[in-house]
Amino acid sequence: MTQEVRVRFAPSPTGFLHIGGLRTALFNWFFARHCGGTFILRIEDTDRERSTEDSIQEILEGFRWLGLDWDELYRQTERQEIYVRYAERLLDEQKVYRCYCTPEELQEMRKRAEAEKRPPGYDGRCRDRKEPLALPFALRIKAPREGSTVIKDLLRGPVTFENSQLDDLIILRSDKTPTYNFAVVVDDVEMRVTHVIRGDDHLANTPRQDLIYRALGWEPPEFAHVSMILGTDKKRLSKRHGATSVQEYRHLGFLPEALINYLIRLGWSHGDQEIFSPAELKKLFGLDSVGTSPAIFDPEKLVWVNAQHMNRLSPQTLIPLLKPFVAEEGLKIPEEDENHLTRVIACLLERSRTLKELAHSIRYFYRSDFGYEEKGAKKFLTAETRPRLQKLRQKFLALTEFSPEAVHAAFQEIVQEEGIKLISVAQPARLAATGGTVSPPITEVLSLLGREETVNRLDRAISHIESGD
RNA sequence: GGCCCUAUCGUCUAGUGGCCUAGGACGCCGCCCUCUCAAGGCGGAAACACGGGUUCGACUCCCGUUGGGGCCA
């Protein structure tokens with residue numbers, strides 16, 4: 001009795017993959033995977049003016065990066081004859097009719113309606129024309145003028161529209177291209193889509209599509225209209241709110257599973273849980289706990305979610321992910337030294353929220369040509385701290401091993417001997433070793449740098465002090 | 001403008017008539033830990049848009065107002 005779930009995501013390849021679009025893709029994909037159903041990717045490229053091959057590739061690339069696979073892939077441009085065939089069938093059945101009205105006439109009609117304060121829809125003047133004319137024509141569907149259409153929405157319950165709001169909409173233009181609503185319905189019918197999960201910007205279109213379903217003699221599928229994502233000003237999310245494409249977030253150093261986690265939590269929840277792996281989502285996601293009110297996109301929380309996911313990863317698995325970001329920093333890390341890099345990552349990881357941050361914070365481990373942060377140097381690289389650095393240097397040279405513990409012991413000795421606080425030698429050392437005042441525990445950092453490099457950096461700092469700032 | 005959707009802390013949300021003096025999370029503030037920064041721990045400020053009903057009882061149900069979003073132009 002239970003039929004197989006078939007859902008689709010139908011992007012227009014007129015630009016990059018938008019995170020709002022991704023969110024509805026996610027609802028579809030996880031719903032399909034949860035139910036063991038089929039996920040269809042349908043490229044709606046009928047707008048040849050604005051559709052580009054690059055854009056299609058970027059969408060597919062985005063899906064691959066996110067780990068979202070598809071079971072079937074279609075392009076509407078390859079399906080033109082199907083739409084024409086269905087349209088002709090409807091013409092034969094007299095459910096649609098030829099309309100010869102020119103754009104000028106329609107314009108005129110609209111103006112008059114406006115002047116008379118009537119709804120601006122088509123008045124149906126070609127509806128009862130008996131003989132075909134030798135003129136270009138569009139195909140219009142006969143819409144009911146009375147009664148109402150009830151759309152059953154899985155998330156919102158029944159939504160009622162008055163049919164008086166509908167007019168005889170065009171399904172096929174005079175150039176034989178299908179209109180949006182017609183192509184969508186034909187495709188959904190042909191592809192046996194069982195659940196249409198999409199943005200609620202399509203809700204008001206649904207009665208028109210319902211009309212087409214009925215004309216075609218099909219029961220409409222289940223609908224679930226998901227609310228949209230807004231920017232912080234409660235306006236529709238757009239470029240001026242910052243990054244809006246999946247590609248951008250990838251380059252900003254976000255993990256695919258973090259982006260997925262954050263986006264799907266916008267409008268969906270599972271008790272108090274915040275962090276979900278894709279595998280968990282497959283298990284838990286359901287339409288029953290999807291909300292209906294619009295959500296505001298909060299980049300801050302995305303960053304936090306990303307940090308959570310990053311810290312669930314081992315340093316080893318992070319290495320390949322980090323590669324492009326390390327390259328962007330202009331760093332060269334010796335290939336053979338993976339074990340060392342693993343340790344470096346381990347201590348930097350909990351201080352980084354994105355791959356980009358992590359790659360950036362790694363830099364002083366692999367290059368020593370940094371300058372000193374001005375304020376820090378003024379405070380910690382002074383005549384007073386110079387002898388401490390020198391003493392540190394001596395002690396380091398005397399150590400039998402350069403482990404964090406040994407380095408720490410050396411620091412402690414100085415603290416004892418000088419009667420100072422650890423911070424008054426740790427910070428100067430930090431400046432010397434990293435150029436800044438912030439880093440993982442200095443003993444860890446120095447040990448990772450190695451004795452030779454540490455001594456070199458101490459020397460450089462000492463001569464920096466001697467050169468008189 | 002007409003129609004449709006929607007309304008719990010600044011934000012994401014839990015809540016499905018009594019469990020709510022409304023819970024969690026991000027962010028913010030304070031304290032602890034501490035060589036810096038994080039992470040972590042503890043604590044704090046912070047919300048049921050408004051007005052009517054329904055009910056013994058409403059955050060929860062109904063109506064309206066207002067705000068926000070969308071579609072059609």
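Reminder, nothing fancy here: chain letters follow the sequence lines and each chain counts from 1. We use all heavy atoms of the structure for the numbers below, so side chains are in, but hydrogens, waters and symmetry mates are not.
Taking atom C1' in both B:rC50 and B:rG67, the straight-line distance is 10 Å, to the nearest Å. Spacing between B:rA22 and B:rA73 at atom C1', rounded to whole Å, works out to 43 Å. Comparing the same atom, P, in B:rG24 and in B:rC63 gives a spacing of 33 Å after rounding to whole Å. Taking atom P on both B:rC61 and B:rU8, the two are 13 Å apart, rounded to the nearest angstrom. Here the separation of B:rC56 from B:rC72, taken at their C1' atoms, is 48 Å to the nearest Å. Taking atom C1' in both B:rC12 and B:rU54, the straight-line distance is 32 Å, to the nearest Å. Taking atom C1' on both B:rC19 and B:rU60, the two are 13 Å apart, rounded to the nearest angstrom. Taking atom P in both B:rG18 and B:rC3, one finds a spacing of 36 Å when rounded to whole Å.
Of all nucleotides listed (B:rU36, B:rC37, B:rC3), B:rC37 comes nearest to the side chain of A:Arg351. Of the candidates B:rC4, B:rC71, B:rC35, the closest approach to any side-chain atom of A:Arg208 belongs to B:rC71. When distances are taken from the side chain of A:Lys301 to each of B:rC35, B:rC4, B:rC12, the shortest belongs to B:rC12. The side chain of A:Glu300 has B:rC26 as its nearest neighbour among B:rC4, B:rC26, B:rG24. Residue A:Lys235 places its side chain closer to B:rG69 than to any other of B:rC35, B:rC71, B:rG69. The side chain of A:Ala204 sits closest to B:rG70 out of B:rU13, B:rG70, B:rC35. Closest approach to the A:Arg430 side chain among B:rU13, B:rC35, B:rC3 is made by B:rC35 (side chain taken as heavy atoms from C-beta onward).
Rounded to an integer number of Å, the gap from CG of A:Leu230 to P of B:rA7 is 14 Å. Rounded to an integer number of Å, the gap from CG of A:Leu266 to P of B:rU13 is 5 Å. Separating the CD1 atom of A:Ile151 from the P atom of B:rC3 is a distance of 18 Å, rounded to the nearest angstrom. When the P atom of B:rC71 is taken as reference, atom CD of A:Gln209 falls 14 Å away, rounded to whole Å. Spacing between atom CG of A:Asp272 and atom P of B:rA22 amounts to 16 Å, rounded to whole angstrom units. Regarding A:Ile296, its CD1 atom lies at a distance of 12 Å from the P atom of B:rG68, rounded to whole Å. Here B:rC4 presents its P atom at 7 Å from CD of A:Gln165, a figure rounded to the nearest Å. Rounded to whole Å, atom C1' of B:rC4 lies 19 Å from atom NZ of A:Lys152.
You'll find the ring centres of A:Phe402 and A:Phe396 inside the 6.0 Å limit. Less than 6.0 angstrom separates the ring centroid of A:His202 from the ring centroid of A:Tyr180. The six-membered or imidazole ring of A:Phe285 lies away from that of A:Trp29, with a centre-to-centre distance of 6.0 Å or more. Between A:Tyr262 and A:Phe297, the gap from one ring centroid to the other is short of 6.0 Å.
Of all nucleotides present, none satisfies the Watson-Crick or G-U wobble test against B:rA38 with each distance under 3.5 Å. Pair assignment for B:rC26 gives B:rG10, based on Watson-Crick or G-U wobble hydrogen-bonding distances that are each under 3.5 Å. Pairing of B:rG17, defined by two Watson-Crick or G-U wobble distances under 3.5 Å, is not identified with any nucleotide. Across all strands shown, B:rG70 is found opposite B:rC3 as a Watson-Crick or G-U wobble partner, with both distances under 3.5 Å. Remark: B:rC61 base-pairs with B:rG53. Criterion, Watson-Crick or G-U wobble with two distances under 3.5 Å.
Scanning all heavy atoms of the two residues, the minimum distance from A:Glu357 to A:Arg351 falls at OE1-O, 4.1 Å. Taking all atoms of both residues into account, the shortest heavy-atom contact from A:Val184 to A:Gln76 is N-NE2, 4.3 Å. Residues A:Gln209 and A:Val185 approach most closely at CB-CG2, 3.5 Å, considering heavy atoms.
Sequence order on RNA chain B of the closest nucleotides to A:Asp201 and A:Gln308 puts A:Gln308 first from the 5' end. Between A:Met228 and A:Ser352, the residue anchored nearer the 5' end of RNA chain B, judged by the nucleotide with its closest heavy atom, is A:Ser352.
Residue A:Thr160 is classed as a sugar-phosphate contact, given heavy-atom separations below 4.0 Å to backbone atoms only. As judged by a 4.0 angstrom heavy-atom cut-off over every strand, A:Pro440 is placed among the base-contacting residues. Within the 4.0 angstrom heavy-atom criterion, only backbone atoms of the sugar-phosphate kind lie near A:Gly267; the bases stay farther away. Heavy atoms of A:Thr437 sit under 4.0 angstrom from at least one base atom. Residue A:Thr292 is in sugar-phosphate contact alone, with no base atom involved, counting any heavy-atom pair closer than 4.0 Å across all strands shown.
Between the side chain of A:Asp200 and the base of B:rG70, no donor-acceptor pair of N or O atoms lies under 3.5 Å. One cannot find a donor-acceptor pair under 3.5 Å joining the base of B:rG24 and the side-chain atoms of A:Gln273.
For A:Ser269, a side-chain nitrogen or oxygen approaches OP1 or OP2 of B:rA14 to under 4.0 Å. In this model, the phosphate group of B:rG70 is approached by a side-chain N or O of A:Arg236 to a distance below 4.0 Å at OP1 or OP2.
Using modelled atom types and a 3.5 Å distance limit, the side chains of A:Asp201 and A:His225 yield no donor-acceptor pair.
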